[in-house]
Protein chains: 2
Amino acid sequence: MKKTRNTRQRGVILDLLRGSHDHPTAEAIYRNARRVLPNISLGTVYRNLNFLRDQGAVREIRPSEGGSSRFDAADTPHAHFHCLHCSALLDIPLPPTLESVRFEEEETISAVSLVDLHVVGSCSGCAPAAGAGHSVQ
Amino acid sequence: MKKTRNTRQRGVILDLLRGSHDHPTAEAIYRNARRVLPNISLGTVYRNLNFLRDQGAVREIRPSEGGSSRFDAADTPHAHFHCLHCSALLDIPLPPTLESVRFEEEETISAVSLVDLHVVGSCSGCAPAAGAGHSVQ
DNA sequence: GTAATTGCAAAAGATTTGCCCCATT
DNA sequence: AATGGGGCAAATCTTTTGCAATTAC
């Protein structure tokens with residue numbers, strides 16, 4: 001395999017991601033990285049995010065509501081909650097029941113590499129007309 | 001509320017979606033719609049897909065692997081399986097256990113409007129080295 | 001020294017939008 | 001006739017890429 005280098009840029013990006021809990025966009029990571037590396041380019045941020053994603057160090061989340069991808073440092077499995085009002089993207093625990101589902105039993109599926117669970121709604125901070133229940137689609 | 005019109009374009013788009021099982025992209029819908037309405041424009045397709053999505057008649061799926069959004073006529077709740085090799089996007093039944101999860105119990109969540117479950121892997125048609133198991137993230 | 005990686009800028013891809021005309025109601 | 005919606009093209013937004021220069025190893 002081809003060898004990879006530990007560049008300052010890559011380290012800073014990963015550190016930023018590990019230190020943030022708000023699932024920043026590439027653009028946001030870029031803005032923050034510039035405070036440490038004023039010459040870093042957005043292209044480099046994207047290249048590194050893709051690299052880190054492919055290594056499994058970082059997770060990319062594509063909000064179903066549209067807009068840019070958001071990222072987090074991949075640690076323990078969890079689901080995501082996305083607030084439609086303030087766009088906050090929060091980690092939430094996985095329904096324990098989901099961890100044991102065997103999707104391979106579907107005859108159309110041969111192997112599963114990952115399962116992504118997104119819950120969309122409004123967060124307590126925005127909290128309009130709570131208690132409406134939920135529908136899984 | 002403002003009243004909406006039943007245009008030929010909107011009807012054709014919805015019909016195409018109802019008649020297809022492969023979760024077409026806007027582009028694909030556009031190509032098919034042109035066989036019926038040779039002058040329809042891609043912008044119109046996008047505008048109608050957004051409209052229908054907002055009405056709840058259509059569902060937009062943003063593949064976590066990137067690329068264009070894909071659409072289906074929203075009927076009964078189901079999850080999606082996405083094959084990494086051939087890009088097929090298939091409806092799969094929801095794990096029954098998921099239907100009853102109450103996400104509102106999380107203190108950060110006030111109301112849930114929808115839950116999206118994406119399973120990514122390889123389909124039986126592609127089937128390389130099956131049986132690797134799965135990881136929920 | 002070598003090649004992976006960067007910065008820059010241009011390109012590509014996907015989706016949205018302004019504007020003027022047409023068609024549904 | 002009023003106005004929502006369509007067609008076209010330009011604009012926007014996000015992400016990728018080619019290339020020459022740089023830097024980690």
Side-chain angles (χ1 to χ4, degrees), chain A residues 1-17 22-55 57-72 82 87 89, chain B residues 1-17 22-55 57-72 82 87 89:
Chain A
M1 61 204 116
K2 102 169 153 178
K3 86 185 71 146
T4 67
R5 290 179 189 179
N6 261 12
T7 60
R8 190 93 201 286
Q9 289 85 340
R10 186 166 297 164
V12 167
I13 290 168
L14 189 50
D15 284 352
L16 281 173
L17 229 21
D22 60 344
H23 302 89
T25 62
E27 191 55 50
I29 293 166
Y30 170 60
R31 283 196 305 274
N32 286 316
R34 288 233 282 191
R35 301 196 296 199
V36 185
L37 302 170
N39 291 317
I40 194 173
S41 74
L42 185 53
T44 294
V45 172
Y46 271 106
R47 270 189 289 234
N48 275 298
L49 287 171
N50 289 347
F51 173 87
L52 293 166
R53 188 225 312 111
D54 295 344
Q55 300 296 300
V58 154
R59 238 175 127 193
E60 176 174 4
I61 302 124
R62 304 191 74 211
S64 29
E65 299 67 41
S68 322
S69 284
R70 298 175 66 166
F71 298 85
D72 71 5
H82 196 180
S87 294
L89 186 55
Chain B
M1 61 201 121
K2 101 170 152 179
K3 86 186 69 144
T4 66
R5 290 179 189 179
N6 261 11
T7 60
R8 190 93 201 287
Q9 290 84 341
R10 185 166 296 167
V12 168
I13 289 168
L14 189 49
D15 285 350
L16 282 173
L17 231 19
D22 60 343
H23 303 89
T25 60
E27 192 53 53
I29 293 166
Y30 170 60
R31 284 195 306 271
N32 286 317
R34 288 231 284 191
R35 301 196 295 201
V36 186
L37 303 169
N39 290 317
I40 196 174
S41 73
L42 185 54
T44 294
V45 173
Y46 272 106
R47 267 188 289 237
N48 275 297
L49 288 171
N50 289 346
F51 173 86
L52 293 166
R53 187 223 314 110
D54 295 346
Q55 300 295 300
V58 152
R59 239 176 127 192
E60 177 175 2
I61 302 124
R62 303 191 74 209
S64 30
E65 299 65 43
S68 322
S69 283
R70 299 176 65 166
F71 298 86
D72 70 6
H82 195 181
S87 294
L89 187 55

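Reckoned from all heavy atoms, side chains included, excluding hydrogens, waters and symmetry mates. Each chain gets a letter, A, B and so on, in the order the sequences are listed, and its residues count up from 1. Source: prediction; values computed, not measured.
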- Please state how far atom OH in B:Tyr30 lies from atom P in D:dA9, giving the value in whole angstrom units. 10 Å
- Separation of D:dA9 atom C1' from B:Ile40 atom CD1, nearest Å, is 17 Å
- Is any side-chain N or O of A:Ser69 closer than 4.0 Å to OP1 or OP2 of D:dT15? yes
- Rounded interatomic separation in angstrom, taking CG from B:Leu42 and P from C:dT17: 14 Å
- Query: Which is true for A:Arg10 with a 4.0 Å heavy-atom rule: it touches a base, it touches only sugar-phosphate, or it touches nothing?
  - Reply: sugar-phosphate
- Could you tell me whether the phosphate oxygens of C:dT16, OP1 or OP2, come under 4.0 Å of any side-chain nitrogen or oxygen in B:Asn50? yes
- Message: Before you tell me yes or no, could you show the steps for A:Leu16 and A:Val36 under side-chain contact (heavy atoms from CB on, under 4.5 Å), namely the whole-Å CA-CA distance, both residues' side-chain angles and the distance that decides it to 0.1 Å?
- Response: CA-CA 10 Å; A:Leu16 281 173; A:Val36 185; 5.9 Å; no
- Distance-only donor-acceptor check, side chains B:Arg47 and B:Asn50, under 3.5 Å: no
- Message: At less than 4.0 Å, is any side-chain N or O atom of B:Thr7 found next to OP1 or OP2 of C:dT24? Yes or no.
- Response: no
- For B:Leu37 and C:dA23, what is the distance between atoms CG and C1' respectively, to the nearest whole Å? 13 Å
- Base, sugar-phosphate alone, or nothing: which one does B:Thr25 contact when heavy atoms must sit under 4.0 Å apart? nothing
- Respond yes when some side-chain nitrogen or oxygen of B:Tyr46 is under 4.0 Å from OP1 or OP2 of C:dT15, and no when none is. yes
- Task: Examine C:dA23: is either OP1 or OP2 under 4.0 Å from a nitrogen or oxygen in the side chain of B:Gln9? Give yes or no.
- Result: no
- How close or far is atom C1' of D:dT15 from atom CZ of A:Arg53, stated in whole angstroms? 11 Å
- Using only side-chain N and O atoms of A:Asn39, determine if any of them is under 4.0 Å from OP1 or OP2 of D:dT22. no
- Message: For D:dT23, does the base pair up with any side-chain atom of A:Arg5 as donor and acceptor (N or O, under 3.5 Å, distance only)?
- Response: yes
- Task: Report the C-alpha separation of B:Val58 and B:Asn48 in whole Å, then their side-chain angles, then the decisive distance to 0.1 Å, and conclude whether the side-chain contact (heavy atoms from CB on, under 4.5 Å) test is met.
- Result: CA-CA 10 Å; B:Val58 152; B:Asn48 275 297; over 6 Å; no
- Compare side-chain N and O positions of A:Thr44 against OP1 and OP2 of C:dG7 and report whether any pair is under 4.0 Å apart. yes
- Within less than 4.0 Å of OP1 or OP2 of D:dC8, is there a side-chain N or O belonging to B:Ser41? no
- Task: Could you tell me the separation between the CD atom of A:Glu65 and the P atom of D:dC13, rounded to a whole number of Å?
- Result: 19 Å
- Just by distance, with hydrogens left out, do A:Arg35 and A:Asn32 show a side-chain donor and acceptor under 3.5 Å apart? yes
- Task: Check whether any side-chain N or O of B:Asn48 sits under 4.0 Å from OP1 or OP2 of D:dG6, and answer yes or no.
- Result: yes
- Item | Nearest-Å distance for atom pair CG/P, residues B:Leu49 and D:dG5 | 15 Å
- Starting at the 5' end of DNA chain C, which residue's closest nucleotide do you reach first, B:Ser68 or B:Arg47? B:Ser68
- Item | Any donor-acceptor pair under 3.5 Å from A:Arg10 side chain to A:Arg5 backbone | yes
- Task: Working to the nearest 0.5 Å, report the span between CZ of A:Phe71 and CG of A:Leu52.
- Result: 9.5 Å
- Length of the line joining A:Phe51:CZ and C:dA3:C1', which is rounded to integer Å: 14 Å
